[in-house]
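To keep things clear, I will list the structure first and then write my remarks on it.
For the numbers below, each heavy atom of this structure counts, side chains included, while hydrogens, waters and symmetry mates do not. In what follows, chains are A, B, ... by sequence order, proteins preceding strands, each numbered from 1. As the structure is a computational prediction, the values presented were derived from the model and not from experiment.
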Amino acid sequence: MHAYRTHTCADIRTDHVGETVRLSGWVHRMRDHGNLLFIDLRDHYGLTQCVIDADKAVFKEIEAQRAESVITVTGKVVKRTPDTVNAGLPTGEVELVIKDCKLQSAAGELPMPVFGDQEYPEDIRLRYRFLDLRREKMHANIVLRNKVIASIRKRMWNAGFQEFQTPILTASSPEGARDFLVPSRLHPGKFYALPQAPQQFKQLVMMAGFDRYFQIAPCFRDEDARADRSPGEFYQLDVEMSFVTQDDVFAAIEPVITGVFEEFAGDRKVTPAPYPRIPYKEALLKYGSDKPDLRNPIEIQDVTEIFRGSGFGIFAKMIEGGAVVRAIPAPGAGGLARSFFDKMNDWARSEGYAGLGYINIKDGSPGGPIAKNLGEDRTATLRNQLSLGDNDGVFFACAKEADAARLAGLARGKIGLDLDLLAKDEFRFCWIVDYPLFEYDEAEKKIDFSHNPFSMPQGGLDALESKDPLDILAYQYDIVCNGVELSSGAIRNHLPEIMLKAFGIAGYDAETVEKEFPGMLNAFRYGAPPHGGLAPGVDRIVMLLADEPNIREVILFPMNQKAEDLMMGAPSGVSPKHLRELNLRIIDLDA
RNA sequence: GGGGGUGUAGCUCAGUUGGUUAGAGCGCUGGCCUGUCACGCCAGAGGCCGCGGGUUCGAGUCCCGUCACUCCCGCCA
């Protein structure tokens, strides 16, 4: 007989009755009746109830074990009597009568129980991640992650993509997020950087003639965490293709994404290909965001003209000063108490905005201060434009365009949640397209790349030479699902003159560009295929499929919000010898 | 760096208007229990009420500061 097991804890059924079997696993739960003792034995695969009574020699030894100890039990499989069958357990018709038991590893008193679905503080969960991962939900999330990645790989390989590995130790580049740096021992004072993404490498793979590349790629960015952003590192399905248009990229990736989602979505509905394509500008207007949650039926409209020169003086005056007014319908809210509207206004103030105006239509008659001051005609025009019903409400965000769009978008989300308007159990995908190539950086007071500096401008070199930089669009796109940005991508620029010109507009002179991007620029000069790609976030895909609000729930060993690994104790200090080897010295800037 | 929330037993939480000795469930220790599957019953141990300062006759409770965790803003091409 095998030293540890003849079956797993999920295997035993009525066919095994009478057989002597051996199981190994964790003591999930123990029920001690004094002269009769039940153990639920758990392994990766499932649970089997084991039973022993007091006459057996090993009884005392077993009775002394704590939950989560690892044991090996040997004994005969018996059928349970009908009144003791556990219908909630796949192995619930049988049990193992323990004849022999061996303790493999004793567990101490637990800092957090594995059994049950009680919630625990995250710092304890992260410090004892190995215990946390034994719990049913976490275990299932990580198994799901494995399946999703396997499915992605299969789909990509079947679509003719090849998987390559790119360097982890590479060069820092001037744009983008903060880098993680690794000191070089052989080159004192010089550093490697961990890649923020294999962006330049995957483009160079195209220039090397490989045509269709993908990788489940680790990416490293030294940026602060969010619920959907793990600090330090994350994984992307990194994709690049040669001789493609934007439509070719969409056509290649949509079946992969839809396929993976359909495979693991269960009863949840998935947007079929092709996904709706929403220009960036339209998204900001209609949804107040470039990552709209399309499960929310509310659409924002511009109503600036209705308020221009109107009796509602606050808005009229702001419009003269360059503000716009965005209307956010709240279907069915007209019948709600005044407090609903007041609370929305308080909420807007708490978000740092001046406030949110409103009209509440009750049984066909519009109420509130705006309706009163705007006058009947204009209010009627408004109702008509927004197709408001007899008991709808509508909120107004008045501010400079970017702020108004942002506030309207936040209000759209809040109204959708508060009024429970979101289509449940659906994955709604869309492409956001036509991003601007540049944006004005208020902090630095200069024009900078808005997304990816390697994107191809729409209109090519002509556009760069003739248009206002802020009006130039790029072949740049995002996949958005349920308000989560899954991926950004672009058709890349493959011409050195466009690269130099575009970087020039962003304030990098030719010499700097030659120095910072020698590999790319050189490759452009020796025959570069037109190419493009994208990089959906793998962690976020799993997070959506697992229906988890926090990305750490789908990562085996995540760091906490302050980018510390509480289990391994990272980051940590290093020895003076270690530092000396690397030609480093720690200095105290405050001293 | 800024804003919000939380912090009471190993864990999850309650704790009234500032008032006697700070409670419950789970877990832990001991005892009883031969059909449980959140087993049951009895007993017990376990507290720097995050930390520091202040107000007060008196602070878990009020005030100030600070720390930890978390959510958000900044940041994330």
Side-chain angles (χ1 to χ4, degrees), chain A residues 28-42 47-56 59 63-64 66-68 78 80-89 91-92 95 97 107-128 131 173-179 195-197 199-200 219-232 234 347 350-352 406 410 435-439 441-443 448-455 474 476 478 485 488-490 492 502-503 506 508 535 537 549-550 552 560-562 564 566:
Chain A
H28 187 62
R29 193 83 178 152
M30 197 144 60
R31 291 174 295 279
D32 186 353
H33 292 231
N35 290 310
L36 177 73
L37 171 67
F38 297 98
I39 291 175
D40 292 334
L41 193 67
R42 184 194 75 240
L47 270 180
T48 296
Q49 174 166 281
C50 306
V51 61
I52 185 167
D53 59 43
D55 332 336
K56 301 286 179 4
F59 184 87
E63 199 179 29
R66 283 217 185 87
E68 297 308 310
V78 301
R80 298 202 204 178
T81 59
D83 56 315
T84 60
V85 164
N86 182 348
L89 212 58
T91 58
E95 62 194 4
V97 180
E109 192 178 338
L110 299 170
M112 53 168 286
V114 171
F115 171 80
D117 48 13
Q118 178 74 56
E119 297 210 34
Y120 299 96
E122 204 168 11
D123 46 341
I124 293 177
R125 293 180 54 200
L126 292 178
R127 193 177 302 275
Y128 299 96
L131 288 179
S173 79
E175 88 303 334
R178 275 185 293 272
D179 288 316
Q196 297 185 21
Q199 179 65 36
Q200 293 187 63
C219 303
F220 305 91
R221 296 178 192 174
D222 187 3
E223 293 300 331
D224 290 339
R226 289 289 182 276
D228 64 351
R229 206 164 79 203
S230 182
F234 60 97
W347 162 83
S350 74
E351 293 286 314
R406 203 176 140 70
L410 291 172
Y435 277 82
L437 182 62
F438 298 106
E439 66 188 2
D441 184 334
E442 290 291 346
D448 205 351
F449 292 104
S450 72
H451 268 66
N452 187 317
F454 306 116
S455 301
Q476 167 98 41
D478 276 8
E485 181 190 323
S488 71
R492 322 295 177 189
F503 273 84
Y508 302 89
N550 191 302
R552 294 185 292 272
N560 69 4
Q561 197 177 34
K562 284 167 104 177
E564 298 163 316
L566 298 175

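In this structure, A:His33 counts as stacked on the base of B:rC39 under the 5.5 Å centre distance and 30° plane angle limits.
The distance between atom CD of A:Glu63 and atom P of B:rU36, rounded to the nearest whole Å, is 18 Å. Per the geometry, CD belonging to A:Glu564 stands 10 Å off C1' belonging to B:rC69, to the nearest Å. Summarising the geometry, the separation between CG on A:Asp53 and P on B:rU34 is reported as 10 Å, rounded to the nearest angstrom. For A:Glu223 and B:rG1, the CD to P distance is 14 Å, given to the nearest whole Å. If you take CH2 of A:Trp347 and P of B:rC72, they are 15 Å apart, rounded to a whole angstrom.
Contact annotation for A:Pro453: base contact, defined as any heavy-atom pair under 4.0 Å involving a base atom. Here A:Ile124 lies in heavy-atom contact (under 4.0 Å) with sugar-phosphate atoms only. Counting non-hydrogen atoms under 4.0 angstrom, A:Asn550 reaches the backbone sugars and phosphates but no base. Here A:Arg226 lies in heavy-atom contact (under 4.0 Å) with a base.
Side-chain atoms of A:Glu119 stay outside donor-acceptor range of the base of B:rU12, with no qualifying N/O pair under 3.5 Å. A donor and an acceptor atom sit less than 3.5 Å apart, one in the side chain of A:Arg80 and one in the base of B:rU36. Between the base of B:rC37 and the side chain of A:Asn86 there is a donor-acceptor pair shorter than 3.5 Å. Remark: the A:Arg229 side chain and the B:rC75 base include a donor-acceptor N/O pair separated by less than 3.5 Å.
A salt bridge links A:Glu122 and A:Arg552; the closest N-O separation between the charged side-chain nitrogens and carboxylate oxygens is under 4.0 Å. Using a 4.0 Å cut-off between a side-chain N of Lys or Arg and a carboxylate O of Asp or Glu, A:Asp40 and A:Arg31 qualify as a salt bridge.
Checking A:Ala197 against A:Asp224, the closest nucleotide of RNA chain B that is more toward the 5' end is the one next to A:Asp224.
Ring planes of A:Phe38 and A:His33: perpendicular class, angle over 60° (limits at 30 and 60°).
Paired runs in RNA chain B that reach 3 or more consecutive Watson-Crick or G-U pairs, where each pair keeps both distances under 3.5 Å, cover B:1-7 with B:67-73, B:10-13 with B:23-26, B:28-32 with B:40-44, B:50-54 with B:62-66.
Across all their heavy atoms, A:Pro111 and A:Ile124 have their closest contact at O-CG2, 4.3 Å.
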